[in-house]
Amino acid sequence: MTPAVKAILDKYESDSPATKANLGRILMHGHLGGTGKLVILPVDQGFEHGPARSFAINPPAYDPHYHYQLAIDAGLSAYAAPLGMLEAGAMTFAGQIPTILKVNSSNSWAQGANQAVTGSVEDAVRLGCAAIGFTIYPGSDDLFDMIGQIREMSAEAKSVGIATVIWSYPRGGMLPKSGELALDVGAYAAHMAALLGAHIIKVKLPSDHIEQKEAKPMYEGTDWSNQADRVKHVVQASFAGRRIVVFSGGASKGSDAIYQDARDILAGGGNGSIIGRNTFQRPRDEALEMLGKIIAIYKGEA
């Protein structure tokens with residue numbers, strides 16, 4: 001274990017050696033192992049958007065083995081996916097990369113902002129996962145049910161030494177679409193995930209918009225046009241950097257924008273990227289080249 005990883009794990013003061021070992025598995029794996037930075041491949045888009053919208057642009061990606069192999073060959077920190085995706089390659093790829101079982105999911109036809117529980121801590125143990133992943137929607141009318149679900153699942157996971165990753169995506173309720181990426185809303189969402197006991201917090205990169213009327217005075221007088229400063233604020237909201245914070249790659253975008261995001265995350269003190277569509281929707285060679293450059297950025301080499 002490197003000093004950088006030990007310093008991160010020391011901030012998780014209530015966790016068992018087993019849970020810290022699983023966090024350490026993720027932090028010590030791949031080309032970024034030991035640096036305190038992470039790049040994770042998430043492939044839950046088939047649930048969220050459907051197989052054609054997710055994989056038709058790159059047909060080999062219909063095969064769950066494709067994503068395992070992409071994450072392994074790219075030297076990533078972990079691979080996150082729903083139950084069926086992980087089960088489809090569990091034996092072939094056992095021990096080759098830390099996995100995160102995404103235990104709740106939605107679909108593009110559902111009304112409202114909610115997700116169904118689609119996996120369990122027992123499944124995560126059976127599959128040898130390092131962590132479970134769970135989405136909450138701050139702002140949703142169903143948020144309180146989701147909070148109850150993750151409270152129970154996170155407690156169960158910690159009892160068997162498995163870490164918890166919370167996807168915290170504001171939407172629904174009285175929050176307008178224009179506010180979903182607002183800086184104050186994103187910082188609030190990250191803080192909420194930290195309060196719920198997440199070991200790793202996944203949020204979207206925020207814009208410079210301030211949504212909440214009551215919060216606007218706290219943000220006045222500061223120039224929020226620099227994305228790295230916005231990242232720094234989200235990290236500050238995550239217990240002043242005492243929790244690992246990774247940022248979503250978001251919707252499909254050009255390579256230069258993806259690389260700039262990584263540079264801003266690094267400059268702002270974020271722990272890395274969790275990037276799916278912007279890699280697996282590209283041809284494999286292009287995806288590997290992109291992931292290699294993102295890793296080089298987090299190493300300070302590009």
Can you confirm whether more than 12 heavy atoms, excluding those of E122, are under 6.0 Å from its CD atom? no
| said: Please evaluate residues L86 and C129 with respect to the criterion side-chain contact (heavy atoms from CB on, under 4.5 Å), reporting the C-alpha separation (whole Å), side-chain torsions for both, the decisive distance (0.1 Å), and the verdict. | reply: CA-CA 9 Å; L86 293 188; C129 297; 3.9 Å; yes
Exercise. Report the C-alpha distance between D184 and K216 in whole Å, list the side-chain angles of each, state the deciding distance to 0.1 Å, and finish with yes or no for salt bridge (charged side-chain N to carboxylate O under 4.0 Å, His left out).
Key: CA-CA 8 Å; D184 59 315; K216 285 184 179 180; over 6 Å; no
| request: Would you check if the side chain of S154 reaches a backbone N or O of R151 as a donor-acceptor pair within less than 3.5 Å? | output: no
Closer than 3.5 angstrom, by distance alone: can the side chain of H49 be matched with the main-chain N or O of D44 as a donor-acceptor pair? no
In short, I201 meets A198 closest at the heavy-atom pair CG1-CB, 4.0 Å
Ignoring hydrogens and angles, tell me if any N or O in the side chain of S159 forms a donor-acceptor pair with the backbone of E156 under 3.5 Å.
yes
- Any donor-acceptor pair under 3.5 Å from Q281 side chain to R53 backbone: yes
I'd like to know if the side chain of T35 reaches the main chain of L32, judged simply by a donor and an acceptor atom lying under 3.5 Å from each other, with no hydrogens or angles considered. yes
- request: Give me the ring orientation class for H191 and F239: parallel if the planes are under 30° apart, tilted from 30 to 60°, perpendicular past 60°.
  value: perpendicular
Exam field: side chain K253 to backbone N278, donor-acceptor pair closer than 3.5 Å: no
message: For a 4.5 angstrom cut-off between non-hydrogen side-chain atoms, does T19 reach I162?
response: no
- Is there side-chain contact between K202 and S248, with heavy atoms separated by less than 4.5 Å? yes
Notebook entry, point to check: Considering only heavy atoms from C-beta outward, does the side chain of Y137 approach that of S168 to under 4.5 Å?
Noted result: no
Subject >> Heavy-atom side-chain contact between E48 and Q115 under 4.5 Å >> reply: yes
Here the pair of heavy atoms bringing G133 nearest to W167 is CA-CZ3, 3.4 Å
Got a donor-acceptor contact below 3.5 angstrom from the N107 side chain to the A110 backbone?
-> yes
Mind running side-chain contact (heavy atoms from CB on, under 4.5 Å) on I8 and N271 for me, showing each step along the way? CA-CA 10 Å; I8 290 171; N271 294 93; 4.2 Å; yes
Passes side-chain contact (heavy atoms from CB on, under 4.5 Å), K299 versus H31? Steps please.
CA-CA 9 Å; K299 285 183 170 182; H31 295 321; 4.2 Å; yes
Under 3.5 Å, is there a donor-acceptor pair between the side chain of R242 and the main chain of A194?
no
Test of understanding: clusters of I, L, V, M, F, W, Y form through side-chain heavy atoms closer than 4.5 Å, transitively. Do L127 and V117 belong to the same one? yes
side-chain contact (heavy atoms from CB on, under 4.5 Å) test vs I275 passes for just one of I294, V246, L41, L76, namely I294
message: Go through it in stages, so that I can follow the logic: the residues are R284 and D73, the test is salt bridge (charged side-chain N to carboxylate O under 4.0 Å, His left out), and I'd like the CA-CA distance, side-chain angles, deciding distance and then a yes or no.
response: CA-CA 10 Å; R284 176 182 157 83; D73 291 347; 2.4 Å; yes
Open item on the list: Taking F144 as the starting point, is it possible to reach M192 by hopping between hydrophobic residues whose side chains are less than 4.5 Å apart?
Closed with: yes
When every non-hydrogen atom of Y66 is compared with those of R282, the smallest separation belongs to OH-O, 3.9 Å
Next item on the list: Determine whether the aromatic ring centres of H233 and W224 lie less than 6.0 Å apart.
Entry: yes
Quick check: do E87 and R126 have side-chain heavy atoms less than 4.5 Å from each other?
yes
Practice task
Decide yes or no on side-chain contact (heavy atoms from CB on, under 4.5 Å) for I265 and I297, but give the supporting numbers first.
Solution key: CA-CA 10 Å; I265 292 166; I297 289 169; over 6 Å; no
For residues H67 and F55, establish whether the separation of their ring centroids is below 6.0 Å. yes
Minimal heavy-atom distance between T118 and K102, with the atoms involved, is OG1-O, 4.0 Å
Check: Any ion pair linking R230 and D264 (charged N to carboxylate O, less than 4.0 Å)?
Finding: no
With a 3.5 Å distance limit and no angle check, can you tell me whether D123 reaches the backbone of S120 through a side-chain donor-acceptor pair? yes
Nearest heavy-atom contact between K204 and R171 is NZ-NH2, 3.6 Å
(Q) Within the 4.5 Å heavy-atom criterion, are I72 and F93 side-chain neighbours or not? (A) yes
Closest non-hydrogen atoms of V165 and A131, given as atom of the first, atom of the second and distance, are CG2-CB, 4.0 Å
**Message:** Main chain of V39, side chain of S77: is a donor-acceptor contact present, judged purely on distance under 3.5 Å?
**Reply:** yes
Are any of the side-chain heavy atoms of I100 and I132 separated by less than 4.5 Å?
-> no
- Query: Any side-chain heavy-atom pair from Y188 and V234 closer than 4.5 angstrom?
  - Reply: no
